[in-house]
Undergrad: 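Dropping the structure in here first, questions after.
Just so we're on the same page: letters track the sequence lines, and every chain starts at 1. Predicted model only: the values in this text are computed from it and were never measured.
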Number of protein chains: 2
Amino acid sequence: MELQLQIKMNKKLFLRDPEQTELGKKIIQHSIEVINKNGFEAFTFKKLAEDINSTEAGIYRYFENKHKLLMYITAWYWSWLEYRIMIHTLNVNDPEVKLKKVIQLLAATVEDDIDTSHINENILHQIIIAEGTKAYLTKHVSEDNKDQFFKPYKDLCAKVGQIILECNPKYKYPKSLSSTIIEMAHFQNFFMNNLPALTDFGKEDESKVVAFLEELVFSAIS
Amino acid sequence: MELQLQIKMNKKLFLRDPEQTELGKKIIQHSIEVINKNGFEAFTFKKLAEDINSTEAGIYRYFENKHKLLMYITAWYWSWLEYRIMIHTLNVNDPEVKLKKVIQLLAATVEDDIDTSHINENILHQIIIAEGTKAYLTKHVSEDNKDQFFKPYKDLCAKVGQIILECNPKYKYPKSLSSTIIEMAHFQNFFMNNLPALTDFGKEDESKVVAFLEELVFSAIS
DNA sequence: TTTATAAAGATAGTATTACTATCTCATAGA
DNA sequence: TCTATGAGATAGTAATACTATCTTTATAAA
């Protein structure tokens with residue numbers, strides 16, 4: 001039996017489905033690497049094309065522009081994370097155990113546990129930390145939101161909010177606490193590695209980020 | 001007696017000091033408006049030049065590029081905020097009262113209380129919410145950090161961390177909690193107005209953001 | 001009053017970016 | 001064999017992100 005995870009993506013994010021062709025898969029795979037290398041601002045379709053030995057025009061057949069590609073990648077990431085949370089909390093009944101698992105999945109480096117073929121989840125995690133918020137921090141958030149481009153992110157937030165409510169049905173801010181955990185799992189990691197004065201952690205000490213978030217969340221809801 | 005706040009800026013952020021000339025002040029004033037109008041990605045020196053009836057080359061005499069200008073603006077904002085916190089906590093001895101004041105100053109809309117001439121602090125607050133993180137979410141954070149471009153942000157974080165420790169000297173994560181408050185004061189505001197599914201607040205209900213943050217912080221440290 | 005000199009306007013030019021368009025070629029299926 | 005699809009190759013354009021140079025203007029020191 002061979003199983004492979006296939007995440008269903010919002011069709012409006014692309015012009016041609018990258019999952020359906022060789023070039024498409026290469027675009028996703030290499031875009032993650034090229035964005036990681038020089039950052040999203042310096043990232044161009046031309047550089048990506050050179051990296052995969054294809055042409056700029058070829059990539060434009062798949063994505064309208066680099067921002068759509070970033071939204072595709074981030075949407076994929078959040079869907080994948082929600083899937084991982086689902087897997088790792090199957091048969092777990094205690095909501096507090098669930099919540100701890102969620103925090104760990106959010107804040108700790110990925111051990112490559114699920115086969116997703118062409119996507120390097122570790123690098124993906126890195127670029128979501130540094131570039132993820134840029135997907136929605138734009139003047140056209142609202143239109144993009146209407147097109148449901150952030151649905152995976154919102155679904156994840158809702159799911160975590162649900163678990164929070166399972167822990168304490170009376171807690172008043174499940175969604176805000178949820179988005180706080182999600183963003184801070186990434187921001188504290190970024191700060192720890194790049195602006196350490198903004199944290200209490202040493203370089204690459206993810207376990208402390210997890211501990212901080214756990215304490216924060218459980219003191220908030222109890 | 002006429003007093004005016006003058007914030008001392010890191011000299012490496014500009015080529016010519018914008019505070020010293022008419023054009024310089026116009027650049028700062030109008031850049032805030034032009035960035036606010038179409039977002040930082042769409043912002044160009046050419047558009048700014050048109051807005052102030054000057055020339056592109058003229059602006060390049062003040063700032064190397066638009067990212068330096070963004071860092072200048074954000075640095076100014078954080079310095080200004082620290083100054084406001086100082087003013088509003090003068091003669092306040094109870095650290096918990098101080099911390100509440102800090103949260104309010106971070107999360108609530110600015111009432112224009114201090115004279116800073118050419119800068120519209122309300123619009124500035126808006127662009128810091130949407131664009132502020134882009135100042136440091138780059139591949140060159142570390143070099144920029146070495147040049148002390150983020151010092152005002154780090155100073156503010158340290159100051160808030162200090163107040164947290166005054167409230168509870170045994171709390172283990174004062175700096176991370178501080179950066180969490182600072183970022184979330186902005187993110188929850190952005191979410192509330194643009195991606196409401198990620199929060200528990202209605203549109204423009206800043207007082208709830210304040211309440212959420214207060215509860216979060218005080219349950220964490222007590 | 002002359003003379004520096006600094007600020008800023010005017011103009012031009014270049015490399016790169018962000019696309020669009022078109023034409024060809026290979027191949028896989030019907 | 002026909003035909004649709006994917007993708008390589010090439011060309012072109014408007015805008016962006018600068019750099020350079022020359023002139024004008026305002027001010028202030030000599």
Undergrad: Separation of L15(B) atom CG from dT19(D) atom C1', in whole Å?
TA: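 To the nearest whole Å, that distance equals 13 Å.
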Undergrad: Base, sugar-phosphate or nothing for E64(A)? Non-hydrogen atoms, less than 4.0 Å.
TA: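 Sugar-phosphate contact only - E64(A) comes under 4.0 Å of backbone atoms but never of a base.
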Undergrad: Which pairs count as ring pair (Phe, Tyr, Trp, His ring centres under 6.0 Å) when at least one residue sits in residues 137-164 of chain A, sequence neighbours excluded?
TA: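 For residues 137-164 of chain A, and leaving out neighbouring residues, the ring pair (Phe, Tyr, Trp, His ring centres under 6.0 Å) pairs sorted by first residue read H67(A)-H140(A), W78(A)-Y153(A), Y136(A)-Y153(A).
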Undergrad: Taking atom C1' of dT20(C) as reference, at what distance in whole Å does atom CZ of F45(A) sit?
TA: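 Atom CZ in F45(A) sits about 14 Å away from atom C1' in dT20(C).
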Undergrad: Rounded to the nearest Å, what distance is computed from the CG atom of residue N65(B) to the C1' atom of nucleotide dA15(C)?
TA: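 Going from N65(B) (CG) to dA15(C) (C1'), I get 16 Å.
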Undergrad: Just the rounded figure in Å: distance from P of dT10(D) to CZ of R61(A).
TA: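 Rounding to the nearest Å, CZ of R61(A) and P of dT10(D) are 14 Å apart.
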Undergrad: For S176(B) and Q188(A), run side chain to side chain donor-acceptor pair (under 3.5 Å): C-alpha distance rounded to whole Å, both residues' side-chain angles, the deciding distance at 0.1 Å, then the answer.
TA: CA-CA 7 Å; S176(B) 288; Q188(A) 294 295 323; 2.9 Å; yes
Undergrad: Using a strict 4.0 Å threshold on nitrogen-to-oxygen distance, state whether K134(A) and E41(B) make a salt bridge.
TA: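 Salt bridge: no.
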Undergrad: Can you tell me how far C1' of dA9(D) sits from CG of N53(A), to the nearest Å?
TA: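 N53(A) atom CG is separated from dA9(D) atom C1' by 13 Å.
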Undergrad: I need the NZ-P distance between K66(A) and dC19(C), as an integer number of Å.
TA: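 Those two atoms, NZ and P, are 9 Å apart.
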Undergrad: When the distance from CD1 of I59(A) to C1' of dG8(D) is rounded to whole Å, what number comes out?
TA: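 Value for this atom pair: 12 Å.
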Undergrad: Measure CG/L23(B) against P/dA6(C) and give the value in whole Å, please.
TA: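 To the nearest whole Å, that distance equals 17 Å.
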Undergrad: Ignoring the backbone of E56(B), work out which of dG6(D), dA17(D), dT20(C) is nearest its side chain.
TA: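 Side chain of E56(B) sits closest to dA17(D).
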Undergrad: Describe the nucleic acid contact of K47(A) in one word from base, sugar-phosphate, nothing, applying a heavy-atom distance below 4.0 Å.
TA: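 Sugar-phosphate contact only.
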Undergrad: Which atoms form the tightest heavy-atom contact between K66(A) and F43(A), and what is the distance?
TA: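 Scanning both residues, the minimum pair turns out to be NZ-O, 3.0 Å.
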Undergrad: Checking the side chain of K26(A) only, and the main-chain atoms of T21(A) only, is there a donor and an acceptor separated by less than 3.5 Å?
TA: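 No, K26(A) side chain to T21(A) backbone: no donor-acceptor pair under 3.5 Å.
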Undergrad: Does dG8(D) have OP1 or OP2 sitting under 4.0 Å from an N or O in the side chain of S54(A)?
TA: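 So the side chain of S54(A) is within the cut-off, an N or O lying under 4.0 Å from OP1 or OP2 of dG8(D).
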Undergrad: Does T55(A) put a side-chain nitrogen or oxygen below 4.0 Å from OP1 or OP2 of dT10(D)?
TA: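 Result: no.
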Undergrad: Specify the residue among A42(A) and Y62(B) whose closest nucleotide of DNA chain C lies further upstream toward the 5′ end.
TA: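 Nearest nucleotide further toward 5': that of Y62(B).
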Undergrad: Is any side-chain N or O of T44(B) closer than 4.0 Å to OP1 or OP2 of dA15(D)?
TA: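 Looking at the OP1 and OP2 atoms of dA15(D), neither is under 4.0 Å from any side-chain N or O of T44(B).
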